[in-house]
Number of protein chains: 2
Amino acid sequence: MVKTPYIGKWISCLYRTGQSFFDYHLGSYGLGSGNGYYACFTYLFRHEGITQDTISKHVAIDKTTIARSIMKLETLGYVVRHIDPIDRRAYKVYLTEKGRALQPIIEATLTQWTTSLTHGLTPEETQMAYILLERMTQNAIITKEKLSSQELSRSEPNETTFINN
Amino acid sequence: MVKTPYIGKWISCLYRTGQSFFDYHLGSYGLGSGNGYYACFTYLFRHEGITQDTISKHVAIDKTTIARSIMKLETLGYVVRHIDPIDRRAYKVYLTEKGRALQPIIEATLTQWTTSLTHGLTPEETQMAYILLERMTQNAIITKEKLSSQELSRSEPNETTFINN
DNA sequence: AAAAAAAGGTTGCTATAGCAACTATTTTTT
DNA sequence: AAAAAATAGTTGCTATAGCAACCTTTTTTT
């Protein structure tokens with residue numbers, strides 16, 4: 001890898017090799033390299049009966065991507081969706097037995113990837129990596145929100161622009 | 001973002017928001033969200049006349065992706081390719097004037113993204129983030145290489161498997 | 001020197017994921 | 001209560017990027 005002072009390059013490489021890793025280890029379950037699947041799964045492992053939109057917002061992935069991920073997971077028999085009788089626009093998403101059976105496998109793979117990445121780091125460095133990545137992610141989300149609000153800001157001039165400072 | 005002990009989630013978010021960022025800032029130059037473009041550019045800014053394969057290996061991006069990136073950059077008039085007279089399989093890639101004119105713009109955008117991500121971090125933390133990301137990326141590449149060599153290891157039993165330890 | 005293997009690139013195919021625009025409900029305005 | 005706006009989800013489209021297979025040229029074996 002070339003040395004440049006740009007973080008994006010490392011991120012990009014980590015993302016892409018991660019995709020290969022997940023595809024390699026979980027491809028046989030019908031899941032491929034899609035981060036969307038694992039985002040949905042890890043969220044569903046903790047919060048069943050939530051809507052796609054809730055997942056989308058909590059994992060910071062576009063609702064279209066979540067919709068298609070859930071669609072695939074439903075086809076594969078890992079989740080079921082029931083229309084929310086109170087809000088008939090929304091689906092509540094539940095894991096099936098088959099889906100829940102995947103929990104240890106998915107968690108093991110995610111852990112394994114994390115472990116691979118932090119190989120050779122001290123526990124303190126690993127901890128630090130977590131914290132820094134989390135903070136950078138927060139910054140990334142804020143930056144993106146600023147861009148979106150700037151796009152709208154012709155009609156409703158700068159008001160939302162500084163919300164996330 | 002949901003709190004889980006998996007690094008992949010932060011990486012994924014950073015990667016995707018980064019794509020949006022580049023698309024937003026550089027889309028008007030015909031470059032979109034493709035990390036491949038910026039990898040090619042930043043490498044070409046320092047090393048002109050190299051082959052696609054060299055780029056591919058140095059930036060750890062599949063040669064197919066590099067090929068298509070370069071193809072697009074050629075169409076857009078940012079690079080030219082000349083067959084290497086010594087090795088007629090290979091193309092040597094050069095920036096055009098138009099391509100070189102993009103250097104400050106691309107570098108500014110890459111820097112801006114890095115700056116956005118590290119907002120609120122101390123210089124030491126930023127430095128730490130760099131180092132840790134770099135080390136994790138090295139681990140990622142090694143892990144991936146291990147997987148590839150395992151796939152081959154039926155024909156030529158484990159020999160290459162431990163090379164990268 | 002011929003055959004085999006490796007290397008540089010390309011093509012075909014696939015999965016992923018975002019954006020814009022849309023439908024259908026629900027909520028808020030007025 | 002009607003109109004407007006917001007929300008949940010889907011469809012269409014696009015760009016990105018990897019893998020497998022392939023072609024061509026070069027290098028290595030034998």
Side-chain angles (χ1 to χ4, degrees), chain A residues 12-13 15-24 26-27 30-40 50-57 59-75 81-93 144 147-148 151-152 155-156, chain B residues 12-13 15-24 26-27 30-40 50-57 59-72 74-76 81-93 144 147-148 151-152 155-156:
Chain A
S12 160
C13 189
Y15 179 79
R16 290 176 292 101
T17 50
Q19 292 204 123
S20 287
F21 187 86
F22 299 134
D23 194 37
Y24 180 87
L26 299 170
L31 310 170
S33 61
N35 281 260
Y37 304 137
Y38 310 112
C40 289
I50 37 87
T51 65
Q52 299 180 188
D53 221 58
T54 308
I55 301 176
S56 169
K57 276 163 187 150
V59 303
I61 293 179
D62 191 85
K63 62 179 182 168
T64 318
T65 302
I66 296 298
R68 292 196 170 107
S69 300
I70 293 287
M71 215 177 292
K72 177 104 180 248
L73 296 185
E74 196 176 29
T75 311
R81 301 189 303 165
H82 300 305
I83 291 178
D84 182 345
I86 300 164
D87 182 345
R88 284 168 32 246
R89 292 168 302 184
Y91 287 102
K92 304 179 111 191
V93 185
K144 174 154 186 186
L147 290 189
S148 318
E151 273 166 17
L152 302 169
S155 30
E156 41 183 309
Chain B
S12 160
C13 190
Y15 179 79
R16 290 176 292 102
T17 51
Q19 292 204 121
S20 287
F21 187 87
F22 300 134
D23 194 37
Y24 180 89
L26 299 169
L31 311 170
S33 61
N35 281 261
Y37 303 137
Y38 310 112
C40 290
I50 38 90
T51 65
Q52 299 180 187
D53 221 57
T54 308
I55 303 177
S56 169
K57 275 163 186 149
V59 303
I61 292 179
D62 191 87
K63 63 179 181 168
T64 317
T65 302
I66 297 298
R68 293 197 169 106
S69 300
I70 294 287
M71 215 177 291
K72 176 103 179 249
E74 196 176 30
T75 311
L76 291 169
R81 301 189 304 166
H82 300 305
I83 291 178
D84 183 347
I86 300 164
D87 182 347
R88 283 165 37 243
R89 293 168 302 182
Y91 287 103
K92 304 179 114 192
V93 186
K144 174 154 186 185
L147 290 189
S148 318
E151 273 166 16
L152 302 170
S155 29
E156 39 182 310

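Computed from a predicted structure; not experimentally measured.
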| request: Would you mind telling me which residue lines up with the more 5' stretch of DNA chain D, A90(A) or D23(A), judged by nearest nucleotide? | output: A90(A)
| Aromatic rings Y38(B) and F22(B): how do their planes relate, parallel, tilted or perpendicular, breaks at 30° and 60°? | tilted
| request: Can you check each nucleotide of nucleotides 12-18 of chain D against protein heavy atoms at under 4.0 Å and return B for base, S for sugar-phosphate only, - for none, in 5' to 3' order? | output: BB--SSB
| task | Take atom CD1 of I86(B) and atom P of dT24(D), then tell me their distance rounded to the nearest Å. | result | 23 Å
| field | Under 3.5 Å donor-acceptor, R16(B) side chain and A60(A) backbone | value |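 Flag set: sc R16(B) to bb A60(A) pair under 3.5 Å.
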| message | Determine whether K144(B) and S20(A) satisfy the following criterion, side chain to side chain donor-acceptor pair (under 3.5 Å), listing intermediate values before the conclusion. | response | CA-CA 8 Å; K144(B) 174 154 186 185; S20(A) 287; 3.2 Å; yes
| Residue met sooner reading DNA chain C from 5', once R89(B) and R88(A) are mapped to nucleotides |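 Residue closer to the 5' terminus by nearest nucleotide: R89(B).
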| message | Just to be sure I understand the rule, does I55(B) reach a base, reach only the sugar-phosphate, or reach nothing, if contact means heavy atoms closer than 4.0 Å? | response | nothing
| field | Nearest-angstrom distance from the residue atom CG of D84(A) to P of dG9(D) | value | 9 Å
| field | Which residues share a side chain to side chain donor-acceptor pair (under 3.5 Å) with D62(B), sequence neighbours left out | value |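 Testing D62(B) for side chain to side chain donor-acceptor pair (under 3.5 Å), a comparison that skips the adjacent residues, returns T64(B).
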| Taking atom C1' of dA8(D) as reference, at what distance in whole Å does atom CD1 of I50(A) sit? | 13 Å
| task | Return the nearest nucleotide to the side chain of D53(A); candidates are dG9(C), dA6(C), dG9(D). | result | dG9(D)
| field | OP1 or OP2 of dA7(C) under 4.0 Å from side-chain N/O of Q52(B) | value | no
| request: From the options K92(A), K57(A), K63(A), R81(A), select the one residue that forms a side-chain hydrogen bond (donor to acceptor under 3.5 Å, both in side chains) with Q52(A). | output: R81(A)
| task | Using the closest heavy atom to pick a nucleotide of DNA chain C for each, name whichever of R81(B) or P85(A) lands nearer the 5' end. | result |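 Comparing both residues, the 5'-ward one is R81(B).
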| field | Where I61(A) and G36(A) come nearest, the two heavy atoms and their spacing | value |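 Result for this residue pair: CD1-CA, 4.1 Å.
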| With a non-hydrogen cut-off below 4.0 angstrom, is I70(B) in contact with a base, only sugar-phosphate, or nothing? | nothing
